Structures are given as structure tokens and as C-alpha cells.
There are 2 protein chains.
Amino acid sequence: MQRFRYIGMKLTPQRLAILDFLDGNTSHPSAEDVFQFVSKRFPTMSLATVYSTLAVLKKKGEVLELTIDPDKKRYDPETSEHHHLICLSCKRIVDMPSERRIELPERVIQNFTIVKSHIEAYGYCPACKKTITV
Amino acid sequence: MQRFRYIGMKLTPQRLAILDFLDGNTSHPSAEDVFQFVSKRFPTMSLATVYSTLAVLKKKGEVLELTIDPDKKRYDPETSEHHHLICLSCKRIVDMPSERRIELPERVIQNFTIVKSHIEAYGYCPACKKTITV
DNA sequence: GTACGTGCAAAGGTTTTGCATTACA
DNA sequence: TGTAATGCAAAACCTTTGCACGTAC
């Protein structure tokens with residue numbers, strides 16, 4: 001939670017609970033996932049509040065909005081450059097540390113101004129490999 | 001259109017129009033984009049038919065469903081392994097030929113069974129660079 | 001002729017918006 | 001105290017589904 005202490009947003013109990021859930025979370029939760037967790041402590045919690053808080057965090061660069069899951073947006077509190085492994089069966093998203101910067105062709109760099117880039121690798125996670133017939 | 005000739009699906013006039021639009025198309029259109037184009041020739045065209053046809057093509061491996069755009073799915077008739085440049089301003093998606101296979105860390109390959117992987121590079125396209133203050 | 005595609009309408013799921021109430025700073 | 005967050009409901013989107021009718025093969 002240290003990292004969220006001075007991010008310049010009003011810290012309500014609901015927001016603290018959201019930040020508590022997100023800090024160090026590597027599960028890449030959806031808004032609904034966040035809502036489910038925070039609802040335990042705040043039964044009157046609203047999904048709209050979750051979305052609103054996530055929007056603020058995204059704007060402040062404290063979370064990334066992932067567009068990997070075709071069904072819903074997912075959020076990642078790990079904002080340093082890294083890559084993702086996605087299980088085609090259970091949709092689990094696993095972090096893959098960035099080994100080195102991705103090299104892009106020279107003519108690409110000259111045309112586009114690249115801000116960030118990452119790798120998405122799709123496959124089957126250890127748990128699903130055992131049970132699923134691909 | 002050659003490539004779609006023998007893909008084993010009933011070829012209705014509507015579907016031929018969709019295939020005509022997709023073949024060689026590098027704009028990564030959404031279902032709505034496809035619908036807009038095909039509607040010109042078939043005013044009674046239904047969005048549901050577009051979605052249904054895209055689902056069949058996806059199943060047959062003739063198009064890829066891209067989850068890059070947070071607002072809607074987009075489709076790519078180029079199914080060979082390649083990467084994407086995404087303009088953060090106009091959301092244009094540009095193909096980037098795959099130079100070599102992406103190397104992943106050894107321990108990742110041992111755990112996950114990787115099926116495919118690609119790079120997503122975000123930045124500003126030449127047109128937007130000129131007009132937008134980043 | 002039959003299985004399958006089409007088109008319309010309705011429903012489903014996620015995300016956004018409006019607004020009155022509440023609470024942080 | 002004033003500005004901003006919360007919570008509820010409704011709306012906005014994209015996408016899917018059900019069903020009667022029509023058509024490719």
C-alpha cells in the first residue's frame with residue numbers, strides 16, 4: 001500500500017479497500033472481480049464506484065487497462081514494462097518479466113513514435129494442460 | 001478472393017460481399033465497419049449476419065479476432081504470424097511483419113505450452129504526430 | 001429437399017452517465 | 001465548508017440469441 005499513499009486522490013475507505021486489493025495483485029482482475037472483493041467489506045459498494053476509481057488510477061498511471069480478454073477489461077497494478085502469458089483455456093493471465101527491450105525494425109521506429117510495447121503469448125497453462133484435450 | 005473459394009461454407013451473396021471486403025484488407029475493421037461496407041450493396045443486410053459470418057471465418061481460421069481495441073473487437077484477414085502497431089490517438093492498427101520468432105525465456109516455455117505470440121507496440125502514427133500534442 | 005443462412009427483434013453483459021446524498025480534506 | 005466521491009438507477013454500447021422465412025447446394 002505504500003506506493004498508493006501519495007498519489008493525490010481523495011482516499012475514502014472504499015478506495016483504500018480497492019487499493020488494498022490491487023496492491024501486489026497479479027491476477028489481472030476485472031472491475032467485477034474488484035467489486036466482489038470490496039463488497040465483502042462494504043456491502044453497499046457500487047460497481048460504478050469501482051469503475052470510477054479504476055478510471056482515476058488509470059489516468060494517474062497507477063494501473064494499466066488490459067485489452068487482452070475479449071469479454072471484459074482487466075486491470076494490472078504492475079505498471080512497469082512486462083509481458084503476458086494468456087491461457088487459452090482458463091483465460092488466466094500471467095506476468096512474464098521483460099527480459100530486454102523489444103527490438104522493432106528501423107523503418108517502423110522512424111515512422112511511428114513508439115511509446116511502449118509488449119508481447120502477448122497465448123497457450124495453455126500447466127493446470128489446463130493436464131485436464132484439457134487441445 | 002481466391003483464398004476464400006474453397007473454405008467449405010455456404011457462399012451466399014452477403015457472405016461473398018463480406019469476403020470481398022475482407023480479402024487483402026489491412027484496416028482491421030470492426031463488425032460495424034464490415035456492416036457499413038456490405039450494406040451499400042445489400043441494404044437489408046443485418047449486423048447479426050456479419051457477426052455470424054465472422055464467427056464462422058474465425059472458427060475456420062480465416063480471420064483473427066483482435067482484442068486490441070478496448071471498445072470493440074476488430075478482425076484481421078491476415079492470419080500469418082505478424083505484429084501490430086497501434087496509434088494511441090486515432091486507434092489505427094498497422095501491420096508489422098514478423099521479423100523472427102519471438103524468443104521467450106526457457107522456464108516460460110517449459111511451463112506454458114505456447115501456441116502463438118505477437119508484439120503490440122503503442123505509439124503515434126505519422127499523421128497524428130503532426131497534429132496532436134502528446 | 002434439407003440443412004443452413006438471413007434478418008428482425010429482443011436479450012445479455014459490460015461500461016458509462018446523471019443525480020441526489022454523503023464525506024473527505 | 002466546499003469540492004469531490006458514493007450509490008442507485010437508467011442508459012449506452014457491443015455482441016449474442018431465438019425464431020420465422022428464404023436460399024445454396
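The model shown is predicted, which means the values in this text are computed figures rather than measured ones. Heavy-atom basis, side chains included; hydrogens, waters and symmetry copies ignored. So you know, we letter chains A, B, ... as the sequences are listed, proteins then strands, and number each from 1.
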Trainee: Which residues pass the salt bridge (charged side-chain N to carboxylate O under 4.0 Å, His left out) test with K58(A), not counting sequence neighbours?
Mentor: E65(A)

Trainee: CE of M9(A) versus P of dA5(D): gap in Å, rounded?
Mentor: 8 Å

Trainee: Between the protein and nucleotides 13-16 of chain D, which nitrogen or oxygen pairs are less than 3.5 angstrom apart?
Mentor:
| from | atom 1 | to | atom 2 | distance (Å) |
| --- | --- | --- | --- | --- |
| dT15(D) | OP1 | K73(B) | N | 2.7 |
| dT15(D) | OP2 | Y51(B) | OH | 2.4 |
| dT15(D) | O5' | Y51(B) | OH | 3.1 |

Trainee: Got a sec, which pairs hit salt bridge (Lys or Arg N to Asp or Glu O under 4.0 Å) with one end in residues 109-125 of chain A, sequence neighbours left out?
Mentor: none

Trainee: May I ask you to evaluate whether R15(A) reaches the phosphate of dT6(D), defined as a side-chain N or O under 4.0 Å from OP1 or OP2?
Mentor: yes

Trainee: Could you tell me whether the side chain of K129(A) and the main chain of N111(B) form a donor-acceptor pair under 3.5 Å?
Mentor: yes

Trainee: Contact between L19(A) and T53(A) at the side-chain level, heavy atoms closer than 4.5 Å - yes or no?
Mentor: no

Trainee: Are E32(A) and V50(A) side-chain neighbours, meaning at least one heavy-atom pair lies under 4.5 Å?
Mentor: no

Trainee: With sequence neighbours left out, what residues match D33(B) under side-chain contact (heavy atoms from CB on, under 4.5 Å)?
Mentor: P29(B), S30(B)

Trainee: Kindly indicate whether the side chain of D95(A), heavy atoms from C-beta on, has any atom under 4.5 Å from the side chain of H83(A).
Mentor: no

Trainee: Compute the bend angle of the helix from dG1(C)-dC25(D) to dA25(C)-dT1(D) from the end axes (five pairs per end), rounded to 10°.
Mentor: 50°

Trainee: Hey, are the side chains of L22(A) and D76(A) touching, using non-hydrogen atoms and a 4.5 Å cut-off?
Mentor: no

Trainee: Could I get a table of every N or O pair under 3.5 Å where one atom is in the protein and the other is in nucleotides 20-23 of chain D?
Mentor:
none

Trainee: What donor-acceptor contacts under 3.5 angstrom involve side-chain atoms of residues 39-48 of chain A, with partners at least two apart or in another chain?
Mentor:
| from | atom 1 | to | atom 2 | distance (Å) |
| --- | --- | --- | --- | --- |
| S39(A) | OG | F35(A) | O | 2.7 |
| R41(A) | NH2 | D20(A) | OD2 | 3.1 |
| S46(A) | OG | A48(A) | N | 3.0 |

Trainee: What pairs with F112(B) under ring pair (Phe, Tyr, Trp, His ring centres under 6.0 Å), at least two apart in sequence or on another chain?
Mentor: none

Trainee: State which residues pass side-chain contact (heavy atoms from CB on, under 4.5 Å) with K91(B); sequence neighbours excluded, sorted by chain then number.
Mentor: D69(B), P70(B), D71(B), R74(B)

Trainee: Which part of the nucleic acid, if any, lies within contact of T49(B), taking any heavy atom under 4.0 Å across all strands shown: a base, the sugar-phosphate backbone alone, or nothing?
Mentor: base

Trainee: What is the first contacted nucleotide of DNA chain C and what is the last, in 5' to 3' order, if contact means an atom lying under 4.0 angstrom from a heavy atom of chain B?
Mentor: dA3(C) to dC8(C)

Trainee: List the residues meeting side-chain hydrogen bond (donor to acceptor under 3.5 Å, both in side chains) with S27(A), not counting sequence neighbours, and say none if there are none.
Mentor: N25(A)

Trainee: Only pairs at least two apart or in different chains count here, so list each ring pair (Phe, Tyr, Trp, His ring centres under 6.0 Å) that has a residue in residues 51-82 of chain A.
Mentor: H82(A)-H84(A)

